K.L.:
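Quick one: structure below, then a few questions.
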Amino acid sequence: MSLTTPTLVTSRLRLRPFTDTDADDLFALQSDAHVLRYWDSPPWTDRARAGQFIARSQEMAEKGDGVRVAIERDSVFLGWCTFNSWNPDFRSASLGYCLGEVAWGHGYATEAAGAVLTWAFDTLDLNRVQAEADTRNAPSARVLEKLGFTLEGTLREDCVVNGDVSDSWVFGLLRREWFARQAGTARA
């Protein structure tokens, strides 16, 4: 079953399928060592990685195991958000995002991830979404908490990037929690 990568519009952002024209902006983001300091892989050094990432984004949707969208504001590329590892049998998936430093601290990650979650919960028979964050990345943990995720545990020394060993927090969000939170937000 393939998934159609959605185009989602929020009050400030547009989330859309990747195109080949995103390659330069994507490479700039993924080659920034400061942005990726808590990532589970080193910064890119090869421009071809951008084309591979875009192709993989399209393959994910075709295979039906997820979608990845570019995040933009006023036609300016800010980063991306992914809904991946979709398992229809377990009704579960994972959420991830990466935004450039100029986009930090404005609520864009929360807004974009919230739009993707709304799409996923409304479109798929989804029960659970999982997300992980490096334990040193408190801002990413705050994004997940704002979205209603619960910290479920710590994966000890699960990543080694450039010789740096790190732990990851595991967060989970259940369907009933998402809809209860949305209903509460609508009433507020």
Side-chain angles (χ1 to χ4, degrees), residues 3 5 13 15-72 76-87 92-106 108-110 112-113 115-117 120 128-145 147 149 151-173:
L3 294 174
T5 302
L13 305 174
L15 290 71
R16 56 166 178 75
F18 273 94
T19 67
D20 292 338
T21 61
D22 294 314
D24 289 340
D25 290 329
L26 182 60
F27 181 76
L29 174 69
Q30 296 296 136
S31 63
D32 186 328
H34 184 66
V35 169
L36 296 185
R37 70 189 181 280
Y38 302 128
W39 211 248
D40 59 0
S41 61
W44 295 352
T45 56
D46 180 4
R47 281 196 174 288
R49 294 283 305 269
Q52 295 164 357
F53 182 97
I54 292 167
R56 174 64 183 122
S57 298
Q58 294 161 349
E59 289 169 13
M60 283 172 53
E62 289 168 10
K63 289 181 180 177
D65 60 4
V67 298
R68 189 180 289 139
V69 291
I71 303 167
E72 62 184 17
V76 175
F77 180 88
L78 300 177
W80 54 267
C81 187
T82 186
F83 171 83
N84 60 15
S85 303
W86 165 235
N87 184 324
S92 64
S94 294
L95 177 76
Y97 43 83
C98 183
L99 285 84
E101 189 171 3
V102 297
W104 296 352
H106 300 284
Y108 298 144
T110 305
V116 169
L117 287 169
R128 175 186 165 76
V129 179
Q130 182 169 306
E132 295 177 15
D134 187 296
T135 57
R136 299 167 295 175
N137 193 350
S140 188
R142 280 194 300 276
V143 166
L144 295 169
E145 289 167 351
L147 292 165
F149 280 81
L151 177 60
E152 297 179 335
T154 302
L155 300 174
R156 299 177 310 135
E157 298 184 9
D158 73 317
C159 289
V160 181
V161 178
N162 293 328
D164 189 17
V165 179
S166 64
D167 300 338
S168 294
W169 284 316
V170 177
F171 292 84
L173 176 64

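The figures that follow rest on heavy atoms only: side chains count, while hydrogens, waters and symmetry mates do not. Predicted model, so just to flag it, every value in this text is computed and none were measured.
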K.L.:
Under 3.5 Å, is there a donor-acceptor pair between the side chain of Tyr97 and the main chain of Thr110?
P.N.:
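No: the side chain of Tyr97 does not pair with the backbone of Thr110.
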
K.L.:
Any side-chain heavy atom of Phe53 sitting closer than 4.5 Å to one from Arg68?
P.N.:
yes

K.L.:
Does Arg56 reach the side chain of Phe18, with side-chain heavy atoms less than 4.5 Å apart?
P.N.:
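Heavy-atom side-chain distance check fails, nothing below 4.5 Å.
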
K.L.:
Under a 3.5 Å distance rule, please check whether Asp32 uses its side chain to pair with a backbone N or O of Leu29 as donor and acceptor.
P.N.:
no

K.L.:
Please tell me if the side chains of Arg16 and Asp22 come closer than 4.5 Å, counting only heavy atoms from C-beta onward.
P.N.:
yes

K.L.:
To the nearest 0.5 Å, what is the distance between CG on Leu144 and CD on Glu132?
P.N.:
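If I round to the nearest 0.5 Å, the distance is 10.5 Å.
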
K.L.:
Report the residue from Leu99, Val67, Val116, Leu117 that forms a side chain to side chain contact (heavy atoms under 4.5 Å, CB included) with Cys81.
P.N.:
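Per the side chain to side chain contact (heavy atoms under 4.5 Å, CB included) rule, the option paired with Cys81 is Val116, out of Leu99, Val67, Val116, Leu117.
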
K.L.:
Excluding sequence neighbours, so at least two apart, what forms ring pair (Phe, Tyr, Trp, His ring centres under 6.0 Å) with Tyr108?
P.N.:
His106

K.L.:
Where is the tightest heavy-atom contact between Phe77 and Ala70, given as atom of each residue plus distance?
P.N.:
CE1-CB, 3.9 Å

K.L.:
Show the nearest heavy-atom pair for residues Ser31 and Pro43, with the distance to one decimal.
P.N.:
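In this case the closest contact between Ser31 and Pro43 is O-CB, 3.7 Å.
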
K.L.:
Once side chain to side chain donor-acceptor pair (under 3.5 Å) is applied, do any residues pair with Ser168, and if so which ones, sequence neighbours excluded?
P.N.:
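Once residues adjacent in sequence are excluded, the partners of Ser168 under the side chain to side chain donor-acceptor pair (under 3.5 Å) criterion are Asp158.
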
K.L.:
Any chance you could measure Leu26, atom CG, to Ser57, atom OG, to the nearest 0.5 Å?
P.N.:
7.5 Å

K.L.:
Roughly how far, to the nearest 0.5 Å, is OG of Ser92 from CG of Leu173?
P.N.:
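Interatomic distance, Leu173 CG to Ser92 OG, rounded to 0.5 Å: 12.5 Å.
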
K.L.:
So, taking the atom named CD in Glu59 and the one named CD in Gln52, what distance separates them when rounded to the nearest 0.5 Å?
P.N.:
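Going from the CD atom of Glu59 to the CD atom of Gln52 covers 10.0 Å.
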
K.L.:
For the residue pair Gln30 and Leu36, what are the closest heavy atoms and their distance?
P.N.:
O-CD1, 2.9 Å

K.L.:
On the 0 to 90° scale, with breaks at 30° and 60°, tag the Phe171-Phe149 ring pair as parallel, tilted or perpendicular.
P.N.:
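Rings of Phe171 and Phe149: perpendicular, over 60°.
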
K.L.:
With sequence neighbours left out, write down each residue that passes ring pair (Phe, Tyr, Trp, His ring centres under 6.0 Å) with Trp169, or none if nothing qualifies.
P.N.:
none

K.L.:
Please find the pair of heavy atoms, one from Ala23 and one from Ala50, that lie closest to each other, and give the distance.
P.N.:
O-CB, 3.4 Å

K.L.:
Is there side-chain contact between Leu13 and Leu78, with at least one heavy-atom pair below 4.5 Å?
P.N.:
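Answer yes - side chains close enough.
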
K.L.:
Taking side chain to side chain donor-acceptor pair (under 3.5 Å) as the test, write out the residues that go with Gln58, two or more places apart.
P.N.:
none

K.L.:
Under the salt bridge (charged side-chain N to carboxylate O under 4.0 Å, His left out) test, which residues partner Arg136, sequence neighbours left out?
P.N.:
Asp134, Asp164

K.L.:
Measure the CG-CD distance between Leu3 and Glu62 for me, rounded to the nearest 0.5 Å.
P.N.:
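Nearest 0.5 Å value for the CG-CD distance: 11.0 Å.
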
K.L.:
Looking at every heavy atom in both Gly100 and Val35, which two are closest together, and how far apart are they?
P.N.:
CA-CG2, 4.3 Å

K.L.:
Considering residues at least two apart in sequence or located in another chain, which fulfil the salt bridge (charged side-chain N to carboxylate O under 4.0 Å, His left out) criterion with Asp167?
P.N.:
none

